[in-house]
**Student:** 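Once you've had a glance at the structure underneath, I'll fire off some questions.
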Amino acid sequence: MRFHWTSCAGLLAAVLLFSAPSCISHQQAFDAVDPFVGTGFHGHTYPGATTPFGLVQLSPDTRNTTWDGCSGYHYSDSLILGFSHTHLSGTGCGDLGDFLFTPGLLATDGNAQALPAPLPFSHGDEQAEPGYYRVAFPVDGITVELTATPHVGVHRYHFDEPGTPALLVDMRYGIGGDAVHVHELRFECPDKHTVEGFRQLGCWSPYRVMAFSARFSSPVTACRDLGDGRWLLLFPKDISVLTAWVGLSGVDEEGARTNLLAETTEGTTAAETVTALMDFDTLRRRARSVWEEALSVISVEGGTAAQRSVFYTALYHTMLAPNRM
């Protein structure tokens with residue numbers, strides 16, 4: 001299927017043509033997408049990593065209240081609260097925001113150790129494309145990269161300053177603010193490379209269930225219950241890179257574990273060590289390939305680069321929902 005753009009009295013008209021493939025390549029269609037479109041004003045979109053109709057939408061959260069916080073992110077904000085694994089796109093009500101992860105570096109000079117806090121950022125330090133998101137926090141010495149498979153969110157944290165890497169996991173956090181009601185919550189650290197959790201809660205959608213199973217490239221050296229549904233994970237001092245693979249399930253932790261292994265190992269669900277999981281760059285390339293194929297269902301001729309970006313970004317947004325379960 002191909003669209004041809006023409007101009008008529010200053011307006012853009014689309015004429016649908018069924019013909020041979022056009023000169024627009026899969027890569028050009030992919031490169032035309034701008035995930036930041038709709039993240040300002042009242043657009044209610046998010047810039048993070050997902051795959052077509054995937055359960056996971058791993059994205060930064062800058063707010064979880066107000067009408068303009070329905071997607072968890074608003075372009076006018078300057079602080080990132082953390083990165084949660086599910087988001088709504090284009091809605092007028094807020095919900096989801098499952099399992100907020102916030103990285104931090106704890107001081108090693110004898111001063112009081114502060115918990116990971118909202119991270120100041122600038123848009124000049126952000127990058128987004130279908131299936132991938134990156135942001136740097138120069139003040140905190142941390143860079144975050146995100147990618148995804150249909151049921152797995154993959155984080156890669158770069159720690160550029162000395163200290164003890166930490167990850168704050170907030171199990172009560174949700175998009176919708178005071179409207180979020182937690183009915184059941186559990187969290188455990190079954191081994192040094194794994195944490196898992198489950199929650200049933202309600203906001204726009206009542207009694208919704210979500211579970212996760214996360215594996216880490218470096219061992220968890222401490223798992224501290226901070227109360228109020230928050231846990232602080234500590235990792236070996238002065239490691240420079242930490243990868244987290246986070247599988248989700250709408251049923252339970254076993255389902256999340258099954259999804260994690262099915263989508264991050266080569267043809268087996270029997271992997272027992274993190275060394276058997278696909279690395280971040282491999283999964284990013286897979287996400288890109290899936291999006292290139294998905295966006296190629298319609299090709300465009302003519303028009304300007306800006307017009308093609310409008311078209312392919314809109315096509316991208318049509319594939320963010322509904323989500324598989």
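If you're wondering where the values come from, they're calculated on a predicted model, not measured in any experiment.
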**Student:** Looking at side-chain heavy atoms only, is the closest gap between Arg156 and Leu146 below 4.5 Å?
**Tutor:**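 No; the side chains remain at least 4.5 Å from each other.
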**Student:** Any chance you could measure Phe311, atom CZ, to Leu295, atom CG, to the nearest 0.5 Å?
**Tutor:**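 One finds 9.5 Å between CZ of Phe311 and CG of Leu295.
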**Student:** Ignoring hydrogens and geometry, is there a side-chain-to-backbone donor-acceptor pair from Asp238 to Gly163 under 3.5 Å?
**Tutor:**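 Such a contact is found between Asp238 side chain and Gly163 backbone.
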**Student:** For Thr147 and Gly131, which heavy atoms make the closest approach, and how far apart are they?
**Tutor:**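 Taking every non-hydrogen atom into account, OG1-O, 2.7 Å.
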**Student:** Counting distance only, does the side-chain N/O of Asp61 pair as donor-acceptor with the main-chain N or O of Leu81 below 3.5 Å?
**Tutor:**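 Not at all, since once roles are kept as given, no pair shorter than 3.5 Å links the two residues.
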**Student:** If you define the side chain from C-beta out and look only at heavy atoms, does anything of Phe187 sit under 4.5 Å from Val195?
**Tutor:** yes
**Student:** Going from CG on Asp140 to CG on Leu119, what distance comes out if it is rounded to the nearest 0.5 angstrom?
**Tutor:** 5.0 Å
**Student:** Please answer whether the main-chain N or O of Asp125 pairs with a side-chain N or O of Gln127 as donor and acceptor at a distance below 3.5 Å.
**Tutor:**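 No, because the side chain of Gln127 does not come within donor-acceptor range (under 3.5 Å) of the backbone of Asp125.
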**Student:** Could you tell me the separation between the CZ atom of Phe137 and the CD1 atom of Ile142, rounded to the nearest 0.5 Å?
**Tutor:**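 Phe137 CZ to Ile142 CD1: 7.5 Å, rounded to 0.5 Å.
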**Student:** Minimum heavy-atom separation for Arg308 to Gly303, with atom names?
**Tutor:** NH1-O, 3.0 Å
**Student:** Are Val220 and Tyr157 grouped together when hydrophobic residues (ILVMFWY) are joined by side-chain heavy atoms under 4.5 angstrom apart?
**Tutor:** yes
**Student:** Using the rule that two of Ile, Leu, Val, Met, Phe, Trp, Tyr join whenever any of their side-chain heavy atoms come within less than 4.5 Å, decide whether Ile80 and Val139 are in one cluster.
**Tutor:** no
**Student:** Please check this pair: side chain of Ser218 against backbone of Leu242, looking for a donor-acceptor N/O pair closer than 3.5 Å.
**Tutor:** no
**Student:** Is the closest basic N to carboxylate O distance between Arg186 and Glu188 below 4.0 Å?
**Tutor:**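 Between Glu188 and Arg186 there is no salt bridge, as every charged N stays at least 4.0 Å from the carboxylate O atoms.
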**Student:** Looking at CG of Leu185 and CZ of Phe198, how far apart are the two atoms once the value is rounded to the nearest 0.5 Å?
**Tutor:** 9.5 Å
**Student:** Check the orientation of Phe36 and His123. Use parallel for under 30°, tilted for 30 to 60°, and perpendicular for over 60°.
**Tutor:** perpendicular
**Student:** Report yes or no: is the cationic atom of Arg199 (NZ for Lys, CZ for Arg) under 6.0 Å from the centre of the six-membered ring of Phe99, at an angle within 45° of the ring normal?
**Tutor:**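 Yes - Arg199 lies over the ring of Phe99, closer than 6.0 Å to its centre and within 45° of its axis.
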**Student:** For the residue pair Phe216 and Lys192, establish whether any side-chain heavy-atom pair is separated by less than 4.5 Å.
**Tutor:**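 No - every pair of side-chain heavy atoms lies 4.5 Å or more apart.
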**Student:** Output, in order, the C-alpha distance, side-chain angles, deciding distance and verdict of side chain to side chain contact (heavy atoms under 4.5 Å, CB included) for Thr91 and Trp204.
**Tutor:** CA-CA 11 Å; Thr91 64; Trp204 187 18; 4.0 Å; yes
**Student:** Under 6.0 Å between ring centres: does that hold for Phe212 and His85?
**Tutor:** no
**Student:** Is the backbone N or O of Gly92 less than 3.5 Å from a side-chain atom of Trp67, with the two atoms forming a donor-acceptor pair by type?
**Tutor:**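 At least one qualifying donor-acceptor pair exists.
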**Student:** Got more than 12 heavy atoms from elsewhere within 6.0 Å of CD, Glu254?
**Tutor:**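 Incorrect, the count does not exceed 12.
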**Student:** When hydrophobic residues are tied together by side-chain contacts of less than 4.5 Å, even through go-betweens, does Leu261 share a cluster with Met278?
**Tutor:** yes
**Student:** Does Ser296 use its side chain to pair, donor to acceptor, with the backbone of His26 at less than 3.5 Å?
**Tutor:**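 Checking the backbone N and O of His26 against the side chain of Ser296, no donor-acceptor pair under 3.5 Å is found.
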**Student:** Walk me through it: do Val169 and Leu100 pass the test side chain to side chain contact (heavy atoms under 4.5 Å, CB included)?
**Tutor:** CA-CA 6 Å; Val169 180; Leu100 185 76; over 6 Å; no
**Student:** Any side-chain heavy atom of Phe83 sitting closer than 4.5 Å to one from Val135?
**Tutor:**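 A side-chain contact exists here, since the closest heavy-atom pair is under 4.5 Å.
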**Student:** Determine whether the aromatic ring centres of Tyr46 and His87 lie less than 6.0 Å apart.
**Tutor:**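 Ring centroids of Tyr46 and His87 are less than 6.0 Å from each other.
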**Student:** After noting the C-alpha distance and the side-chain angles of Ser217 and Trp245, does the key distance pass the side chain to side chain contact (heavy atoms under 4.5 Å, CB included) rule?
**Tutor:** CA-CA 9 Å; Ser217 57; Trp245 298 263; 4.1 Å; yes
**Student:** Picking from Arg284, His155, His158, what satisfies side-chain hydrogen bond (donor to acceptor under 3.5 Å, both in side chains) with Glu145?
**Tutor:**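 Passing option: His158.
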**Student:** With a 4.5 Å heavy-atom cut-off, do Tyr133 and Val144 have their side chains touching?
**Tutor:**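 Tyr133 does not reach Val144 side chain to side chain.
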**Student:** Could you walk me through whether Asp98 and Tyr173 pass side-chain hydrogen bond (donor to acceptor under 3.5 Å, both in side chains), step by step?
**Tutor:** CA-CA 7 Å; Asp98 291 297; Tyr173 172 90; over 6 Å; no
**Student:** Looking at Thr194 and Asp191, would you say the former's side chain and the latter's main chain have a donor-acceptor pair under 3.5 Å?
**Tutor:** no
**Student:** Would a 4.5 Å heavy-atom cut-off, applied to side chains only, mark Phe101 and Val246 as touching?
**Tutor:** yes
**Student:** Does Thr318 reach the main-chain N or O of Leu315 with its side chain, forming a donor-acceptor pair under 3.5 Å?
**Tutor:**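 Yes; judged by distance alone, with no hydrogens or angles, the pair exists.
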**Student:** Hydrophobic cluster membership, with links at side-chain heavy-atom distances under 4.5 Å among I/L/V/M/F/W/Y: are Phe53 and Val297 in one?
**Tutor:** yes
**Student:** Would you sort out whether Trp291 and Phe30 count as a ring-ring contact (aromatic ring centres under 6.0 Å, His included), showing the intermediate values?
**Tutor:** CA-CA 7 Å; Trp291 273 114; Phe30 178 93; 8.1 Å; no
**Student:** Using a strict cut-off of less than 4.0 Å between a Lys/Arg side-chain nitrogen and an Asp/Glu carboxylate oxygen, indicate whether Arg286 and Glu292 qualify as a salt bridge.
**Tutor:** no
**Student:** Could you walk me through whether Asp34 and Thr313 pass side-chain hydrogen bond (donor to acceptor under 3.5 Å, both in side chains), step by step?
**Tutor:** CA-CA 6 Å; Asp34 182 359; Thr313 301; over 6 Å; no
**Student:** Answer whether the closest heavy-atom distance between the side chains of Leu88 and Asp95 falls below 4.5 Å.
**Tutor:**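 Yes. Closest side-chain heavy atoms under 4.5 Å.
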**Student:** Counting distance only, does the side-chain N/O of Arg63 pair as donor-acceptor with the main-chain N or O of Ile175 below 3.5 Å?
**Tutor:**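 No, the answer is negative, given that no donor and acceptor are paired below the 3.5 Å cut-off.
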**Student:** For the residue pair Thr102 and Leu167, establish whether any side-chain heavy-atom pair is separated by less than 4.5 Å.
**Tutor:** no
**Student:** List the steps, then state whether side-chain hydrogen bond (donor to acceptor under 3.5 Å, both in side chains) holds for Glu263 with His151.
**Tutor:** CA-CA 8 Å; Glu263 295 182 358; His151 296 86; 2.6 Å; yes
**Student:** Would you say Tyr132 ends up clustered with Val152 if hydrophobic residues are merged whenever their side chains have heavy atoms under 4.5 Å apart, either directly or through other cluster members?
**Tutor:** yes
**Student:** Between Glu253 and Ala211, what is the shortest heavy-atom contact and its length?
**Tutor:** N-CB, 3.6 Å
**Student:** Checking Arg208 against Ser205 for the side-chain hydrogen bond (donor to acceptor under 3.5 Å, both in side chains) test, could you report, in this order, the C-alpha distance in whole Å, the side-chain angles of both residues, the deciding distance, and whether it holds?
**Tutor:** CA-CA 6 Å; Arg208 184 178 60 84; Ser205 174; 5.1 Å; no
**Student:** Below 4.0 angstrom, N of the basic side chain to O of the carboxylate: do Glu196 and Arg257 qualify?
**Tutor:**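 Salt bridge present between Glu196 and Arg257.
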**Student:** Out of curiosity, Ser59 OG to Leu96 CG, how far, rounded to the nearest 0.5 Å?
**Tutor:**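 Reported to 0.5 Å precision, the distance equals 12.0 Å.
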**Student:** Could you walk me through whether Ser240 and Glu161 satisfy the side chain to side chain contact (heavy atoms under 4.5 Å, CB included) test, starting with their C-alpha distance in whole Å, then the side-chain angles of each, then the deciding distance to 0.1 Å, before giving a yes or no?
**Tutor:** CA-CA 8 Å; Ser240 60; Glu161 301 291 341; over 6 Å; no
**Student:** Report yes or no: does Thr86 contribute a side-chain atom to a donor-acceptor pair with the main-chain N or O of Gly97 at less than 3.5 Å?
**Tutor:**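 Judged by distance alone, yes, a pair lies under 3.5 Å.
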**Student:** Taking all non-hydrogen atoms of both residues into account, name the closest pair between Gly255 and Ser249 and its distance.
**Tutor:**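 Distance-wise, the nearest heavy atoms are C-CB, 3.5 Å.
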**Student:** Set out, in order, the CA-CA distance, both residues' side-chain angles and the distance that settles salt bridge (Lys or Arg N to Asp or Glu O under 4.0 Å) for Asp225 and Arg230, then state yes or no.
**Tutor:** CA-CA 6 Å; Asp225 183 354; Arg230 298 183 306 157; over 6 Å; no
**Student:** For the atom pair SG (Cys189) and CG (Leu233), what is the distance rounded to the nearest 0.5 Å?
**Tutor:**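 Here the interatomic distance stands at 6.0 Å.
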